[in-house]
Structures are given as structure tokens and as C-alpha cells.
There are 2 protein chains.
Amino acid sequence: MEEDRYIVKKGNVTIKEIAFDAKVSIATVSMILNNKDKKISEATRNRVLEIAKDLNYIPNTMARSLITRQTKTIGLIMPDITNPFFPEIARGAEDKASQSHYSIIYCNTDDNIGREDQYINTLTEKMVDGIILAHSSDREESSYGLNRNRVPIVLIDRDFSFPNIVGKVLVNNKDASFKGVNYLLEKGYEKIVYIAGPMTTQTAKDRLDGYKMALSERGVEYRDNYVKIGDYKAQWGELAVKEFLNEGISFDSIFCGNDLIAIGAIKALKNAGMQVPEDVGIIGFDDIYMASMMDPELTTIRQPNYEMGFRAAELLINEINDRSENIEKGNMDVKKIILETELIIRKSS
Amino acid sequence: MEEDRYIVKKGNVTIKEIAFDAKVSIATVSMILNNKDKKISEATRNRVLEIAKDLNYIPNTMARSLITRQTKTIGLIMPDITNPFFPEIARGAEDKASQSHYSIIYCNTDDNIGREDQYINTLTEKMVDGIILAHSSDREESSYGLNRNRVPIVLIDRDFSFPNIVGKVLVNNKDASFKGVNYLLEKGYEKIVYIAGPMTTQTAKDRLDGYKMALSERGVEYRDNYVKIGDYKAQWGELAVKEFLNEGISFDSIFCGNDLIAIGAIKALKNAGMQVPEDVGIIGFDDIYMASMMDPELTTIRQPNYEMGFRAAELLINEINDRSENIEKGNMDVKKIILETELIIRKSS
DNA sequence: AAGAGTAGATTAAACGTTTAACCAAATTCA
DNA sequence: TGAATTTGGTTAAACGTTTAATCTACTCTT
């Protein structure tokens, strides 16, 4: 009795056994279990339900999916789950998915296009109903992985041109970084350097544009040697500051591509004996949870991380449902959701 | 031509079509595609392979899984993906999984037993081949979710008694916290308070034991009002310090249940005008990436986060393979892997 | 009282694979 | 030369569902 629970039963309870016990056909059982039982009497209905429960019936999703062509699963591909920005997105996506009875297969690409392509293929094979994709930084025009894909994709955070895109959830990065740099300018900072992420993402390009725009609007000259391009990690922030210092470039504030970079930058600054915000003002991007825990607390541009994930999942799931309802609807326009950013003023500038 | 890529084809290429084109039986195609082609001539082999490629064939995993009873997917259930400790574990698990051609379905329970049970059921329905589980803090003896489970489980980080456990990947928490508290003692700290996580996890109990043991070994009296129990979040660390301060309890150092708590504690201390480590020494637990980015850099007890995930996945996958090879092997003993912790001395104590 | 409806089911095909069992033709062996 | 073996496959069942089409026995209409 007790031991039973530890034994892996060879075959599991199927609809067939229920049908046998209840002395009805398997079709009847299936209909009852799926609430398509308009025409089933209360009596058999209850009998079947009871037996199913007694037998501890668990439906076999494989068999079902084979017919329905839906797996109730979506893939979530992210570049770096170790950057707190992405788990926060994941949480949003997962909450929405779970509400709608979807599961999420999560994939971490390490910002590597090879892994990304491979994941797209694997997910396609696993017949996920859709994919939420924050593409890796080094994605080039087209590649093997794409061609095999046949699954609807919602792009998140990073814009890109791609087959099978049905939606995008983005933020106005240009506007956001404009706000940030503008704030620095207003605060009286004049020599604003920019430690950027990889310029292969549209995100990064837009942020650079915003930076330039803010400067030019105030008549501050843009200088090439004021911007350094790297990746989105704290280590890069640390390194970049050291480089600026070594190169003897004088600056009074740093606009950072994300909060992680900002955190690294602050560390390097402190190590060099400089005070934030007195000697150097810092502004980050993302508003990850840690931003408010730093010393000084980080001024940053908030993205609605959780909401981005949630909305992306929502958009995707709606699209999936639309498609399955009306296969020939052929609604080819991609839905674009642009979320608001917000300047969060704390202590670092 | 170009447009084809954007169109969701109604039916996809199947093994059947390949067989038709190649003028062989579907069995032959199947064998070739699965490298079970000992008895197939090079000629047909190449022909089939070529056609499969031309047709851009993607195998249907559902159909396959239905027969093989393997999905090549494992579930990863974690309490809080927003705590950097867990993404680091997830990375390890994912890397191993991906090496062995497994995918991971990730689930976040929010430390809520209801969600956890629900996920276990969903994963079982999705026929994952196994589950890696860091159980939620509020799990009680037994519950609905468990009874339905028929999937091998590897426990990670938090020990527990559970049906279908095939392995555990843990750390000697008692020993680890002993090391930490002992270090504080050696450093000359005398009034060590302990801000703990939820005492429902074995992890937390063991750490408390280690704390007590270190004290008693040095002849320092254990005091009940020196330990506060909460959750594993930075906010709790902040709050707990405020409470200690309000209660007028004097202390010269804090042993924290994890790094997040430590980070919150440092913040509260600074707000109260106290210096770390001069006025109060701090030691954390986990060694998350952020620990080295704090000011002061956090002294902490390192857990091999990435490795824990990796080893857990490894253990699980091996077990899955063993089972499917030799169904009656009946190897019921759970494999236990205890990983080493390490005291990382930085600046906070 | 005959025809039309309806309630409550059942039948059987289909989904796309895998795999054990079988088979025909060609080759080898005694 | 005839039996045995090997080569290179094929057949058909099975996995567990869903669902469109069908069926039977009643109950209403008129």
C-alpha cells in the first residue's frame, strides 16, 4: 500500500480502463473529461468522473497534443538569466502563462547565436505553441535556425526583423536614454561618458541615439572617445571605468547601458578613491531589484520588467488562440506594444 | 518562395512523405533517421537523408514520446527565481541538460506549496522524465500533489522526505554555518545575532544548529532573542536589523541566512549610521554574484551554486537512463551528493 | 399512427512515430 | 545443388487520445 507510491508503474491508467470500468465507450469518457458532454446523462457523467478519480487518472498530454496540435507550452529564450533583469521578465511571463494553463520551457543562450538557433529548433521540435524571444546580441541577418522555425514568435526587449514574428513588446529606448542623459545635464553634469552594451542590439543603438540627442539638444558636443562598447555585465562596467581612468579622460558622470554595468562602474570608482555622486554621477538602466540596495542607491531608468514578460506572454497566448480558432484569419500584422519607462531618481546622481 | 517562410503550413512534413518520395517504407525511414540502420544500404540511406533534408523534415516529438515514453524534458521547480542564487543553479542544470539533449521546463513557486503541488502535477502530465526540486518553505508532511506524482525527483538545496526521490544534491549546512560563525568569533566578535530564513526548511534548521554549535564550542551563551526568523529576501534583512535596533538589543555582528538578507542588513545598518565592518561585522551565505559587488564586499559562505544545478541534472539524467535501460533494476537507494562550502573572506567582517 | 426530433450514446479514423516480427532475394557453405 | 545464412528491407501493431459521423431507442407533433 505504502510502497506502491514508490514504484514506477509500467503502464498508467488510461481513458480505456476508465471506459471499461464504467461500461461506456472511450469517446464518452473523453467527452466527459473535456467538458464536451452536452449530451451525456448526469448519471454516467458522475460515474465516469468518480472512476477517473478513483483510478487516479492522469491524461497523457502526448497523445492529446498529437491530435490537437497544441502543447500548451511556450518557450522563453533569454540571453542571460544571471542578469536579474531577465528573471524579472521571466516571472511576468510565467505568471501569465500559468494563469492560462501554459507551461514555460526556459532557455538561456549566453548571448550566443549558435545556442539560440539550436534552441529555436529544439523548441520547434517539441512543438511549443509559441516562443518569447529576447534575441542574443550577436545575431546576424539570417541563419539556419530561422528557416526551420514554424512557430509564432513574440520579440521582447530587443527589436529585430525575423520570420514568424507576431508581436513585439518593447520600450522606447531612445526616449528613455534621452530622459536619463537630460536629467544628468540638468543636474549640471557636463562631461557625460557612456558605457554601453553590445551595439548589435537595436536596444543599444537606440540608447546611443537618445544619448546623442540629449547632448545635441543642449549644445554639448558628442565625442567618440566618451563612449565605450562592451557587454551587459558588471565586470564590463568595472573594466570600462578603469580604461577611462587610464586613458586620462576626464568625466563627471556616467550613463550606463544597464544597472549591472552601473554597479560595476561604482565599484571601480570607489576603488579609485572617487565618490559617487559627488565626484562622478551615475545613472543606470533597467531598475533591477538590486539597484535600490546599492550604496549609493542607484538612479536609473526603470523598465517595467515584470510587465514586459507578462504582456509578451499575453500577446503570444492570444495570438495562439486566435490562430487555432480561425486558422485562415491570416492576420499578418505584428502587434507592437510599447511600454513606458520612468526615471527613478535615487542617490547616485 | 520568400513568403513561404511566413506561412504556417497546415500539415508538416512527416516521415510518411519522405518514405513516399524515397520509395521505401516508413519503417526504413524511421530507422535511418534514428541511426538504427545497421541493415540499410548506403544508397537508400543517403537518398532518404537527402530527401529529409530537402523537405526540411522536423520530427514530431509527441508521436515519438507517445511510444518511447520519454520526453527528453525535465522540470526544474524553484521557490524564487528572483533570488540570484537560483538562476545560478538553473544555469548549471540547463548546461548539463542541454549537453545531454534534454530541455528544461522551469517553474517558480513563489515559495507557495499550492503552486508547487500544481506544478508537480502539470509536469507529471507533461510527462517530464524527471524533476529537480528545491521545495518551497511551507511544505508540510504530505499533500495532494505528491500522490499523483510518478516521476523521479532529485532534491536540491533543501532536504526533505518525499515519494519518488532518487537523489539529493546538498551542502553540509551545519558545518558551513559553523565555519562562518566560528570565523566571526575568531575575529573577536562576541555578540553575534542571526537573521535566519524560514525555519520550515531543513537548510535553515541546520544552519541554526551550526550557529549554536559554534557558540557553545567557544562557551558563548546562546540567546533566543538573538535570532530572528523571516524569509530569504533583502527586505527581511533590512526589517530585522531595524527590529534589533528598536528592541535595543546590542550586537557587534550579524550572521545572515543568505546574501540577500545580508545585503538588506547592510543597507539598514548604513541608514542607521553604523559602519560595516567597524561597528558591525556581517557575514552572508551563498556567495551570489552580487556579493562581491557590494560596498563593503560581502564576506560569505560560498555554495557551489552552478555545480549544484549541474550535478543535480547529471544525477537525474543518469537515473533516467538507468531506469529506461533496466526497468527492473529496482535500485531504490537515493544517491546523495554533498558538496563542499567555502568561507569567502572579503570586507564585511 | 407515421414522421420528425432528440437524448444519449457508440464507431472508427486519425495524429506521426517506433519496433518486433516477418519476408524475399541473393549469397555462402558443405 | 540444396540448405542455411545474410542482406536489405517491409508489415502491422501499438502508443492514448480526439472528434466527426453514425446509430438506436424514445418522445413529440400533427
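Within every chain, numbering begins at 1; the chains are lettered A, B, ... in the order of the sequence lines, protein sequences first and strands thereafter.
A donor-acceptor contact shorter than 3.5 Å links the side chain of A:Thr61 to the backbone of B:Glu125. Of the possible polar contacts, none joining the A:Asp110 side chain to the A:Asn112 backbone as a donor-acceptor pair under 3.5 Å is found.
Positionally, the nearest nucleotide of DNA chain C for A:Leu66 lies more toward the 5' end than for the other of B:Arg64 and A:Leu66.
Taking the side-chain contact (heavy atoms from CB on, under 4.5 Å) definition, one finds that B:Thr28 meets it with B:Val24, B:Ser25, B:Ile32, B:Ile40, sequence neighbours left out. Residues forming a side-chain contact (heavy atoms from CB on, under 4.5 Å) with B:Lys39 (at least two apart in sequence, or on another chain): none. Applying the side-chain contact (heavy atoms from CB on, under 4.5 Å) criterion to A:Ile51, with sequence neighbours excluded, gives A:Ile18, A:Asp21, A:Ala22, A:Arg47, A:Leu55.
Counting non-hydrogen atoms under 4.0 angstrom, A:Ser30 reaches a base of the nucleic acid.
For residues 96-137 of chain A, the set of pairs meeting the ring-ring contact (aromatic ring centres under 6.0 Å, His included) definition, not counting sequence neighbours, comprises A:Tyr106-B:Tyr106, A:His135-A:Phe160.
Between B:Thr68 and C:dT18, a side-chain N or O to OP1/OP2 separation shorter than 4.0 Å is absent. For D:dC15, neither phosphate oxygen OP1 nor OP2 lies less than 4.0 angstrom from any side-chain nitrogen or oxygen of A:Asn60. In this model, the phosphate group of C:dT19 is approached by a side-chain N or O of B:Lys36 to a distance below 4.0 Å at OP1 or OP2. Remark: B:Arg69 is in phosphate contact with D:dG16, judged by side-chain N or O atoms under 4.0 Å from OP1 or OP2. Phosphate proximity of D:dG16 to A:Asn12: absent, as no side-chain N or O sits under 4.0 Å from OP1 or OP2. Of the side-chain N and O atoms in B:Lys16, none sit less than 4.0 angstrom from OP1 or OP2 of C:dT17.
With B:Arg64 as reference, B:Thr68 is the one residue of B:Thr68, B:Ile67, B:Leu66 to meet the side chain to side chain contact (heavy atoms under 4.5 Å, CB included) rule.
No side-chain N or O of B:Tyr57 forms a donor-acceptor pair with one of B:Asn12 less than 3.5 Å apart.
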Legend entry - Base-contact (B) and sugar-phosphate-only (S) positions in nucleotides 7-14 of chain C, heavy-atom cut-off under 4.0 Å, - elsewhere: BBSBB--B
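As rounded to whole Å, 11 Å separates atom P of C:dG16 from atom CD1 of B:Ile15.
Between the axis at the start and the axis at the end of the helix from C:dA1-D:dT30 to C:dA30-D:dT1 there is an angle of 50°, using five pairs per end and rounding to 10 degrees.
Atom OG of A:Ser103 and atom CG of A:Leu76 lie 13.0 Å apart (nearest 0.5 Å).
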